[in-house]
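Read the structure below first, then the notes.
One-based numbering, in listed order, for ligands and for the atoms of each.
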Amino acid sequence: MPLSAKRRAALSWRTLLPWVVGVLPVLCGLGVMNWQIEREMQASSQATTRQVVAHVEHMLDSLASAANALLPLAGSPCDEVQLRLRAEVTRNAFVRSTNLFRDNSLYCTSLFGDFDEPVNSADYVDGKLWLMDGNSVTPGHPLLVYRASAGNHGAISTVDGDHLLTALRLIGPDVDLHIRVGSAWMGKDGIVHKGVPPAAASANVLLGSTRYPFSVQGGYAVDHQGALWRSHYPALLALLLVLGAVAALACRWQLRRANSPRAELRRALEADEFLPYFQPVVRKGDYRWAGAEVLMRWNHPQEGLVRPDLFIPYAEHSGQIVAMTRALMMHTAQSLAPYAGLLEDGFHIGINITADHCSDLRLLDDCRTFLQHFPPGRVLLTLELTERKLIEPTPVTLDLFEKLDAMGVKIALDDFGTGQSSLNYLRQFKVDYLKIDQSFVAMIGADALSVHILETIIELSAKLGLGIVAEGVETEAQRDYLARHSVDYQQGYLFARPMPAAQFLSMLATQPGASRLPQGAPPEIMRG
Ligand code: G
Ligand code: G
Ligand code: MN
């Protein structure tokens, strides 16, 4: 329909919206999934770190048990207690060696017996724990040393760094883990470093032991999040993309539908944008208004007043014309009823009816409702049938026409002479009026053949006892010719153009000999 032609400005957001609708769920989904992954990583980093802490505490329990058992022996001569030292190594799973010291000197070891090496308590965090990078037995090989003391003597037990390394590697194969004792730390490389270990790229966790002076730091490397995405979420990602595409397509479809002529007509009907215009029909002799044809106009919010040729064919095609005509009849009745006093008895109101409406029994109710707005006999309702769509003489249609006739509703054949079935209609349906098409009226004064056709139509209507209306009368010559040929009614620009209800009513009120003016009519009329 040409009505949507001016919608260029709205085009951009209409093209954009489906993209937005498609991309939005994908972005939201990705955001939620990323949040989920980060939460999972945080939880697993936390759990792994806690496990490592627990395991190292378990080793240190073993060391503490050995050292505390030997503490009462510290100070005793080495050759008396050496076997006890070895016994503790055997008894405690993680203990590699046990030692005794006295006055800052290591004087007895489980490995060598008598020994002499300085011991510095400042090496030990809280006087208890030392992460060594190696000793004289295994230089360069890490050791964790536990020290129990009483006064200036005490016992020392050690665990091999390999046990720590195994714990870090096995408990958290894909977590970056570091064990920290004071300013020394060891990672999965098995080397003791000084300072603070580097923080992990994500899910960084630092957990201290509550029982021993050490802590474990955990977290993930940079590429771990990407790896998780790649290994866990391809299916979900594909699902998201499909969902996004479906959402975008659904949105596009909905937009197209909302923009369709059908939707536009439905919207206009709901917004009550179809207005009746009235074109008077004059009577022969005095040319006073004997009636009017109701012509639909679309009061479009952007396009202004739209002529029916632009939308009636589509409305007929889409089947919406029936509801539109019903609304138009209602509008007409409501506009005219308050001024019914202006109308003479038997005032013709012509409504254009489409073929679809003629097989719809609700037309009876529509006509009855229309007539109920007026005092009995005041208005003569005429249904004008065109041949744009063929009317079939089905039992329903014939029944409908019979009942309309009984109700006093008249039938006029519109644009008579232009269609292929005009004469057929005359045979099949009980017709009351012929409306001579304006193309024949325009021929008045032209070639003889056309004039013969016109005269034949007039004669035919007289023979069939039908009323006759000539449409499209524009000149006085046409008017006088039709008058001479006893045409009952005339309609055309010569008398009046189609006009809105307010103007129609106010002109009707000022017609010579107008009677029964309602109180205070003209100002009200102007408001329509
Ligand atoms: O005034 P004019 O341009 O109004 O009308 C153009 C065409 O639209 C005419 O052929 C007329 O029959 C048709 N038309 C006007 N109003 C209606 C209506 O309410 N229903 C139908 N079916 N056709 C109409
Ligand atoms: O329903 P129908 O097709 O009869 O509708 C009448 C059509 O003719 C309407 O579009 C109306 O505006 C138009 N019309 C009415 N009077 C004249 C006239 O005198 N001249 C011309 N050209 N058109 C007219
Ligand atoms: Mn008509």
Side-chain angles (χ1 to χ4, degrees), residues 1 265 268-269 272-282 287 289 291-299 305-333 335 348-360 363 366-367 370 381-391 410-419 422 425 431-444 467-479 481-482 487 489-501 504:
M1 220 164 23
L265 287 181
L269 192 58
D272 202 20
E273 287 173 7
F274 299 111
L275 300 179
Y277 264 49
F278 297 87
Q279 188 180 31
V281 174
V282 304
Y287 300 123
W289 293 6
E293 176 176 4
V294 179
L295 294 160
M296 196 184 293
R297 292 291 181 273
W298 184 354
N299 188 18
L305 218 54
V306 181
R307 288 166 36 104
D309 343 14
L310 295 177
F311 64 90
I312 294 272
Y314 185 83
E316 285 180 341
H317 163 78
S318 69
Q320 286 165 297
I321 187 68
V322 173
M324 284 160 62
T325 307
R326 182 169 300 133
L328 188 75
M329 287 173 78
M330 208 59 196
H331 227 303
T332 303
S335 308
H348 290 68
I349 297 292
I351 303 276
N352 291 288
I353 295 291
T354 191
D356 286 345
H357 221 148
C358 298
S359 51
D360 187 341
L363 180 58
D366 298 340
C367 293
F370 181 88
L381 179 59
T382 307
L383 302 183
E384 301 189 5
L385 310 180
T386 57
E387 297 167 272
R388 253 194 305 270
K389 255 183 166 181
L390 198 67
I391 302 171
K410 302 295 174 194
I411 302 293
L413 283 191
D414 209 355
D415 310 321
F416 187 78
T418 55
S422 313
Y425 278 4
V431 173
D432 302 289
Y433 295 97
L434 296 186
K435 292 191 80 171
I436 304 174
D437 189 67
Q438 52 199 38
S439 58
F440 294 112
V441 174
M443 288 167 189
I444 292 172
I468 191 153
V469 186
E471 290 187 287
V473 180
E474 291 183 349
T475 65
E476 287 175 4
Q478 289 166 349
R479 177 193 68 189
Y481 176 93
L482 294 164
V487 168
Y489 300 100
Q490 297 190 26
Q491 177 185 349
Y493 292 169
L494 178 66
F495 306 104
R497 288 178 175 259
M499 59 188 100
F504 175 71

Does some non-hydrogen atom of E293 fall short of 4.0 Å from ligand 2?
-> yes
Ligand 2 atoms nearer than 4.0 angstrom to some heavy atom of E474 are 18 (C), 19 (O), 20 (N), 21 (C), 22 (N)
Looking only at distance, does Q491 have an N or O less than 3.5 Å from an N or O of ligand 2?
no
Ligand 2 to Q279, heavy atom cutoff 4.0 Å, flagged ligand atoms 15 (C), 16 (N)
closest protein heavy atom to atom 7 (C) of ligand 1 is P308 CG, 4.2 Å
For G492, the ligand 2 atoms with a heavy-atom partner under 4.0 Å come out as 16 (N), 19 (O)
Between D437 (side chain) and E471 (backbone), is there a donor-acceptor pair under 3.5 Å? no
*Is the shortest heavy-atom distance from the side chain of W298 to the side chain of E273 under 4.5 Å?*
yes
The protein heavy atom nearest to atom 16 (N) of ligand 1 is M296 N, 2.9 Å
Protein N/O/S atoms closer than 2.8 Å to the Mn ion (ligand 3), ordered by chain and number, come to E293 OE2, N352 OD1, E384 OE1, D414 OD2
Problem - Polar atom proximity, V294 to ligand 1 (N or O, under 3.5 Å) - result: no
Under 4.0 Å between heavy atoms, the region of Q438 that gets near ligand 2 turns out to be side chain
Nearest heavy-atom approach of E316 to I321 is CA-CG2, 3.8 Å
Closest non-hydrogen atoms of V473 and Q490, given as atom of the first, atom of the second and distance, are CG1-OE1, 3.5 Å
One finds that the ligand 2 atoms under 4.0 Å from a non-hydrogen atom of E471 are 2 (P), 4 (O), 6 (C)
(message) Pair V294, M329 - check side-chain contact (heavy atoms from CB on, under 4.5 Å), show working.
(response) CA-CA 9 Å; V294 179; M329 287 173 78; over 6 Å; no
Next on the checklist: Test side-chain contact (heavy atoms from CB on, under 4.5 Å) on T382 and K435; report intermediate values, then the result.
Outcome noted: CA-CA 11 Å; T382 307; K435 292 191 80 171; over 6 Å; no
The residue among Q491, Q279, H348 that forms side chain to side chain donor-acceptor pair (under 3.5 Å) with E293 is Q491
In ligand 1, the atoms that come under 4.0 Å of a heavy atom of D309 are 3 (O), 6 (C)
message: What I'd like to find out is whether the side chain of T325 reaches to under 4.5 Å of the side chain of H357, using heavy atoms alone.
response: yes
Nearest heavy-atom contact between P308 and P313 is O-CD, 3.7 Å
For P498, the ligand 2 atoms with a heavy-atom partner under 4.0 Å come out as 12 (O)
Of all heavy-atom pairs linking F311 and V306, the shortest is CE2-O, 3.5 Å
Original post:
Is the shortest heavy-atom distance from the side chain of Q320 to the side chain of L269 under 4.5 Å?
Top reply: no
Counting heavy atoms under 4.0 Å, the part of D415 that contacts ligand 2 is side chain
Next item on the list: Answer yes or no: is there a side-chain heavy-atom contact under 4.5 Å between I353 and C358?
Entry: yes
Among non-hydrogen protein atoms, atom 12 (O) of ligand 1 lies closest to N352 OD1, 3.5 Å
Looking only at heavy atoms, the pair that brings G472 and V441 closest together is O-CG1, 3.8 Å
Closest non-hydrogen contact found for D432 with K410 is OD2-CA, 3.3 Å
re atom 11 (C) of ligand 2, the protein heavy-atom contact at minimum distance is L295 CD1, 4.1 Å
Are side-chain heavy atoms of V282 and R479 found at a separation under 4.5 Å?
no
State whether any protein heavy atom lies less than 4.0 Å from atom 23 (N) of ligand 2. yes
Quiz item: Would a 4.0 Å cut-off, counted as strictly less than, catch a protein heavy atom around atom 9 (C) of ligand 1?
Solution: no
Of Y489, W289, Y287, the one forming a ring-ring contact (aromatic ring centres under 6.0 Å, His included) with F495 is Y287
Original post:
Below 4.5 Å, heavy atoms only, C-beta onward: do I444 and L482 meet side chain to side chain?
Top reply: yes
The closest protein heavy-atom partner of atom 4 (O) of ligand 1 is R297 NH1, 2.9 Å
Nearest non-hydrogen protein atom to atom 13 (C) of ligand 1, with distance, is R388 NH2, 4.1 Å
If you scan protein heavy atoms around atom 17 (C) of ligand 2, the nearest is Y493 CE2, 3.3 Å
Residue-ligand contact L328/ligand 1, heavy atom below 4.0 Å: yes
Going by the 4.0 angstrom heavy-atom rule, the piece of D414 near ligand 2 is side chain
Counting heavy atoms under 4.0 Å, the part of R307 that contacts ligand 2 is neither
